[in-house]
There are 2 protein chains.
Amino acid sequence: MPATVSEKTIGRLSLYRRLLYELRNAGEENLYSHQLAQMAGVTAAQVRRDLMSIGYSGSPTRGYDVRELGESIGRFLDSPTDQGVALVGVGNLGRAIMAFFAGRRPHLRIVAAFDTDPYKVNRVIQGVRCYSLEQMPQVVESEGIQVGILAVPAVAAQSAADTLVRAGVRGLLNFAPVPLRVPPDVYVEDIDMTMSLEKVAYFARQRASQKELQTW
Amino acid sequence: MPATVSEKTIGRLSLYRRLLYELRNAGEENLYSHQLAQMAGVTAAQVRRDLMSIGYSGSPTRGYDVRELGESIGRFLDSPTDQGVALVGVGNLGRAIMAFFAGRRPHLRIVAAFDTDPYKVNRVIQGVRCYSLEQMPQVVESEGIQVGILAVPAVAAQSAADTLVRAGVRGLLNFAPVPLRVPPDVYVEDIDMTMSLEKVAYFARQRASQKELQTW
DNA sequence: GTAACGCTGTGAATAATTTCACAATATAAT
DNA sequence: ATTATATTGTGAAATTATTCACAGCGTTAC
Ligand SMILES: NC(=O)c1ccc[n+]([C@@H]2O[C@H](COP(=O)([O-])OP(=O)(O)OC[C@H]3O[C@@H](n4cnc5c(N)ncnc54)[C@H](O)[C@@H]3O)[C@@H](O)[C@H]2O)c1
Ligand SMILES: NC(=O)c1ccc[n+]([C@@H]2O[C@H](COP(=O)([O-])OP(=O)(O)OC[C@H]3O[C@@H](n4cnc5c(N)ncnc54)[C@H](O)[C@@H]3O)[C@@H](O)[C@H]2O)c1
């Protein structure tokens, strides 16, 4: 069991858990590494290597117990206490995110939203109270929030990140197309849709031209 | 100049270009690899290594020409002809995406939307016409669409992907939390927000506990 | 002219990640 | 009980990605 687990492995464990949860709902009780691998779009060796991190063993003949493996990943990934999340920026994307995460994982839910727009402040959206920026330090402190989601315009992203970090947040999910400068003890994950779409466009074009060459 | 360029390099090139574009608007004319690196959050060696892919050389004393480098990346990344994109699923997320990409990059813009909801079909949203699913093959064909964005509910994602692929799409940007099964000549990029948020929560927790150990 | 400077481009070294390949083994069949 | 079987867990190898480190060079200063 390695001391530190790579970012990529953590991401895949999250995916495995979701797949296992679906399998459990479908009534499945056992599965083999190659089955989970096929569902996750990775190799069986990759699945087994990832599972080494969490200290759960399968059986050579039955494979893994769907329920036990899912719970084992949960014990590894999740906080023993609930983790509250703050959302900053209740615009088009922010509202979609609130709708998406509403009632999804009780362990990791949005407990406060922040916006500068006075029209949104003090309203309750998707069951979440929207606060003004000034209230951020107190709310983050009192709710014990460690995780922030940034869905503000690009120009506001750095300052919103600074405020969150000063208030004690240690992880940021950033949707603004701006690389954030944060202290080394803060983890940042960027979701850069422009970059993702440009990647898809590039490789789509490449695949399309490969096709042409094949028909030669 | 390598024959094939890695996915990661393509992603970073897209990021570099955006930063260069902003620099140009700010009136900057030249910059060094370490400056671009600092802005992108990578090392200078990484920047120089990435730039080897595109066949543009800087000067040892002036560094890179901001405008020329940006254009050079553009020639490498972009299609010589415009690439149209299809959006499937005009819900909360789909509408946010339409608003976000509207008028952003003329080279790579959403030219058609698709939804099953009869209330949305035949409406124009953010300047984009919404079609029914039945019209997808014809529209994809006639618009020459190679790239699709999936923002439909999880249960509908695979079948929407199948329809797009059958119609000729070669790249998919998938927001549904479901791994897609596609032929090998189709490129898929997944944006899995649940996974991303769980990663952030995991590492935020880890950083927070490191902090505690430090104050020991 | 030429010397000094600090950067680029890149081969080589290192680090990270994935895959291979196989001994160990839990179960079912007989 | 024994055997046959197919899978697990994991060292070792292979592959991929990043960083190091420095020769070579364009520019400036004198
Ligand atoms: N909409 C998308 O699909 C999409 C996709 C990719 C990236 N993004 C990025 O996500 C961010 C938000 O996008 P959006 O489409 O929701 O924009 P939006 O303009 O609809 O919403 C932005 C919200 O942030 C609020 N805001 C502005 N300044 C603020 C501040 N300093 N502190 C707190 N709140 C503030 C505004 O009042 C507004 O409610 C942008 O950075 C955008 O580039 C959006
Ligand atoms: N909202 C978010 O921020 C968010 C975040 C992460 C992932 N997602 C994922 O993105 C997808 C869309 O999310 P959403 O919040 O916009 O959902 P939504 O329910 O608001 O919108 C879904 C849209 O898809 C349409 N649709 C349903 N079946 C369809 C089909 N077969 N073909 C075409 N259109 C169809 C519906 O009419 C609706 O307009 C979901 O898979 C969701 O899990 C959303």
Side-chain angles (χ1 to χ4, degrees), chain A residues 1-16 20 23 28-66 68-70 72-73 76 179 184 187 195 199 203, chain B residues 1-16 20 23 28-70 72-73 76 179 184 187 195 199 203 206:
Chain A
M1 199 155 50
T4 77
V5 179
S6 81
E7 240 178 89
K8 294 195 167 180
T9 293
I10 296 296
R12 284 188 300 259
L13 286 172
S14 162
L15 172 59
Y16 300 157
L20 288 165
L23 284 168
E28 296 293 325
E29 299 196 337
N30 296 92
L31 94 170
Y32 299 117
S33 61
H34 67 262
Q35 298 176 298
L36 187 51
Q38 130 110 25
M39 283 187 286
V42 299
T43 65
Q46 179 86 82
V47 167
R48 295 202 300 275
R49 175 72 53 191
D50 288 335
L51 294 188
M52 284 177 71
S53 314
I54 64 165
Y56 176 78
S57 270
S59 140
T61 39
R62 295 196 175 288
Y64 305 96
D65 182 294
V66 170
E68 283 182 14
L69 179 54
S72 191
I73 295 177
F76 180 82
Y187 178 85
M195 178 172 119
K199 260 172 81 173
F203 288 107
Chain B
M1 203 156 47
T4 78
V5 180
S6 81
E7 242 179 88
K8 294 197 168 179
T9 293
I10 296 296
R12 283 189 300 258
L13 287 173
S14 162
L15 172 58
Y16 300 156
L20 288 166
L23 284 168
E28 297 292 326
E29 300 197 338
N30 295 92
L31 94 170
Y32 299 117
S33 62
H34 67 261
Q35 298 176 298
L36 187 52
Q38 131 109 24
M39 283 188 286
V42 300
T43 65
Q46 179 85 84
V47 167
R48 295 201 301 274
R49 177 70 56 190
D50 288 336
L51 295 188
M52 284 177 71
S53 314
I54 63 164
Y56 175 77
S57 271
S59 138
T61 38
R62 297 197 172 287
Y64 305 95
D65 182 293
V66 169
R67 192 179 52 76
E68 282 182 15
L69 179 54
S72 191
I73 295 177
F76 180 83
Y187 178 86
M195 179 171 119
K199 259 172 81 173
F203 287 109
Q206 205 180 63

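Note that this is a predicted model, so its numbers are computed, not measured. Letters A, B, ... mirror the listed sequences (proteins, then strands); counts begin at 1.
Counting only distance, with no hydrogens or angles, the side chain of B/E68 and the backbone of B/D65 share no donor-acceptor pair below 3.5 Å. Panel note: side chain B/Y16, backbone B/L51; no donor-acceptor pair is recorded below 3.5 Å.
Look at CD on A/Q35: it is 12 Å from C1' on D/dA6, rounded to the nearest Å. Going from atom CG of B/D50 over to atom C1' of D/dT19 covers 13 Å, rounded to whole Å. As rounded to whole Å, 13 Å separates atom C1' of C/dT10 from atom CG of B/L51. Rounded to whole angstrom, the span from the CG atom of B/L36 across to the C1' atom of C/dG9 amounts to 16 Å. A straight line from NZ of B/K8 to P of C/dA16 spans 12 Å, rounded to a whole angstrom. Atom-to-atom, CD1 of A/I54 to C1' of D/dT10 comes out at 16 Å; the value is rounded to the nearest Å. Rounded to whole Å, the distance from CE on A/M52 to C1' on D/dA12 is 13 Å. Taking atom CG of residue A/D65 and atom P of nucleotide D/dT7, one finds them 17 Å apart after rounding to whole Å.
Of the two residues contacting DNA chain C, namely B/L31 and A/T61, the nearest-nucleotide position lying further toward the 5' end is that of B/L31.
Put simply, B/Q46 has a side-chain N or O that comes within less than 4.0 Å of OP1 or OP2 on D/dT19. Within the 4.0 Å cut-off from OP1 or OP2 of C/dT18, at least one side-chain nitrogen or oxygen of A/R12 is found.
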- Test side-chain contact (heavy atoms from CB on, under 4.5 Å) on A/V42 and A/L36 and set out the steps. CA-CA 8 Å; A/V42 299; A/L36 187 51; over 6 Å; no
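Side chain of B/S6, nearest nucleotide from D/dA17, C/dG9, C/dC22: D/dA17. When distances run from any side-chain atom of A/Y64 to the nucleotides D/dT27, C/dT27, D/dT8, the shortest one goes to D/dT8.
Of the charged side-chain nitrogens involved, at least one lies within less than 4.0 Å of a carboxylate oxygen, so that B/K199 and A/E7 count as a salt-bridged pair.
Judged by atom type and distance alone, A/R49 does not reach the base of C/dT17 through any side-chain donor-acceptor pair under 3.5 Å. Remark: the A/R62 side chain and the D/dT7 base include no donor-acceptor N/O pair separated by less than 3.5 Å.
Contact annotation for A/S57: backbone-only contact, meaning every heavy-atom pair under 4.0 Å involves sugar-phosphate atoms and none involves a base. Counting any heavy atom pair closer than 4.0 Å across all strands shown, A/S33 reaches sugar-phosphate atoms only and no base atom.
In this pair, B/Y56 and B/Y64 present their aromatic rings tilted. The plane angle is within the 30 to 60° band.
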